[in-house]
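Numbering of ligands and ligand atoms starts at 1, following listing order. Excluded from the calculations below are hydrogen atoms, water molecules and symmetry mates; all remaining heavy atoms, backbone and side chain alike, are included.
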Amino acid sequence: MTILVTGGAGFIGANFVLDWLAQGGERVVNLDKLTYAGNLETLASLQGDARHVFVQGDIGDTALVARLLAEHQPRAVLNFAAESHVDRSIHSPEDFIQTNIVGTFRLLERVRTHWGSLPEQDKAAFRLLHVSTDEVYGSLGAGDAAFAETHRYEPNSPYSASKAASNHLVRAYHHTYGLPVLTTNCSNNYGPYHFPEKLIPLMIVNALAGKLLPVYGDGMQVRDWLYVKDHCSAIRRVLEAGRPGEVYNVGGWNEKPNLEIVHTVCALLDELRPHADGQPYASQLSHVKDRPGHDRRYAIDAGKIERELGWRPAETFASGIRKTVQWYLANPEWVAHVQSGAYRDWVQKQYTAQDALQ
Ligand code: NAD
Ligand code: TYD
């Protein structure tokens with residue numbers, strides 16, 4: 001048995017692949033374009049492991065996707081591939097439209113054709129799981145109820161609009177063609193191998209480098225944080241027991257304003273790697289110009305996945321953020337290679353003929 005994972009060299013996809021194989025999951029074909037966010041160094045521990053087949057390519061490459069489906073006959077496709085950074089989507093939305101909308105559409109088309117050709121038993125067992133975000137629901141006011149699956153869509157950034165469009169396409173492929181799809185909308189993730197352009201890794205990396213910690217606006221925007229490995233366990237559970245056509249919201253019941261996150265990171269660094277001169281890391285904090293159209297609050301109501309599938313996060317925010325800071329302190333090479341761009345040479349340097357890019 002095989003699963004096809006797309007975007008499996010990115011932050012969440014790579015954590016998923018590592019956890020999946022560590023837990024004895026079946027073979028993974030990992031299709032990733034290796035944009036700036038794709039980092040094969042994250043998957044270095046899988047070098048030589050026959051259960052991981054890496055393929056560099058685009059989810060929008062219909063010939064390639066058709067070939068992979070025919071050749072490997074996966075029982076499921078898990079779509080993590082996306083452009084994922086809101087700030088980048090504000091500066092240059094085009095890639096977000098191409099990958100998140102057009103790419104997902106083309107992937108759906110190829111998967112639909114493949115699925116249609118399967119024998120009845122395999123057809124019934126097949127799943128396409130689309131990994132998405134709470135940002136499709138827009139922004140909450142301070143007293144509003146958290147996002148349930150039935151919340152209206154009101155995406156505010158080019159990123160969230162492109163993800164919303166992809167969710168609609170996935171839904172339509174179930175409604176129109178009967179494709180057995182599952183969609184997860186998750187809150188903000190954090191944890192190991194997170195690209196240091198996102199809030200938590202950026203703050204850790206900047207703090208250690210003695211740089212400013214740029215807090216957008218007043219820093220009172222609220223996000224709902226989930227440790228990445230808990231997101232991965234939710235995806236495994238949805239794949240295993242989710243009902244085709246259903247949406248599951250995934251979150252950790254951990255709403256926190258950004259300022260509190262930054263202060264927590266600083267306090268952990270003060271404890272684990274204090275500055276030689278005794279200065280607290282929080283002295284590097286700096287309020288900068290706000291993000292245009294900045295969503296004020298996200299919060300996930302994870303009641304459905306808890307009730308129907310019995311999923312619960314294993315980490316509290318306190319345990320997850322400590323693990324995360326410890327991971328960054330223990331892995332300065334990974335960070336340095338990301339910052340210098342050297343991670344991009346990893347493909348050429350580290351991948352042998354055995355795991356050759358196909
Ligand atoms: P990421 O940016 O770290 O990784 C994305 C990966 O997709 C990269 O490896 C990249 O090379 C690959 N990719 C991009 N375009 C591609 C294409 N056209 N074809 C094949 N591969 C392509 O993103 P992430 O944080 O790991 O997010 C993964 C998924 O989870 C995304 O769909 C995102 O919308 C969703 N999500 C993320 C968060 C979060 O907090 N990071 C929260 C909820 C949902
Ligand atoms: P981010 O990690 O980009 O995730 P998202 O925008 O998808 O929620 O940002 C999380 C929050 O942190 C968001 O409110 C923007 C804020 N932020 C800062 O204040 N400073 C920063 O340097 C970054 C990257 C984000």
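- The option from T133, L199, I12 that lies nearest to atom 37 (C) of ligand 1, judged by heavy atoms, is I12.
- What sits closest to atom 3 (O) of ligand 1 on the protein, heavy atoms only, is F11 N, 3.0 Å.
- Of the listed residues (V288, L199, D134, N188), the one carrying the non-hydrogen atom nearest atom 4 (O) of ligand 2 is N188.
- Remark: among candidates Y190, F80, Y36, the nearest residue to atom 31 (C) of ligand 1 is F80, based on non-hydrogen atoms.
- With a 4.0 Å heavy-atom cut-off, ligand 1 is reached by no atom of N100.
- At a 4.0 Å heavy-atom cut-off, ligand 1 does not touch Q98 at all.
- Residue-ligand proximity, D58 to ligand 1, at heavy-atom distances under 4.0 Å covers atoms 17 (C), 18 (N), 19 (N).
- Of the protein's non-hydrogen atoms, the one nearest atom 4 (O) of ligand 1 is G10 CA, 3.3 Å.
- Heavy-atom contacts of G57 reach the following atoms of ligand 1: 19 (N), 20 (C) (cutoff under 4.0 Å).
- Looking at R88 and E83, no side-chain N of the basic residue comes within less than 4.0 Å of a carboxylate O on the acidic one, giving no salt bridge.
- Heavy-atom distances between G60 and ligand 1 stay at or above 4.0 Å for every pair.
- Set against the non-hydrogen atoms of L34, the atoms of ligand 1 under 4.0 Å away are 11 (O).
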Pair E109, R106 - check salt bridge (charged side-chain N to carboxylate O under 4.0 Å, His left out), show working. CA-CA 5 Å; E109 271 295 273; R106 290 189 177 154; over 6 Å; no
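- Comparing A82, G38, A14 by heavy-atom distance to atom 13 (N) of ligand 1, the nearest is A82.
- The distance from ligand 1 to the heavy atoms of S132 drops below 4.0 Å at these ligand atoms: 43 (C), 44 (C).
- Checked against the 6.0 Å centroid threshold, Y153 and H168 count as a close aromatic pair.
- For ligand 1, the atoms sitting less than 4.0 Å from at least one non-hydrogen atom of T35 are 10 (C), 11 (O), 14 (C), 15 (N), numbered in the order shown with element in parentheses.
- When heavy-atom distances to ligand 1 are checked against a 4.0 Å cut-off, Y159 comes that close only through its side chain, counted from C-beta outward.
- Residue N188 approaches ligand 1 through these ligand atoms, each under 4.0 Å from one of its heavy atoms: 40 (O).
- For the residue pair D295 and Y298, the shortest heavy atom distance occurs at OD2-OH, 2.6 Å.
- Relative to atom 22 (O) of ligand 2, the option among N206, V215, L202 with the closest non-hydrogen atom is L202.
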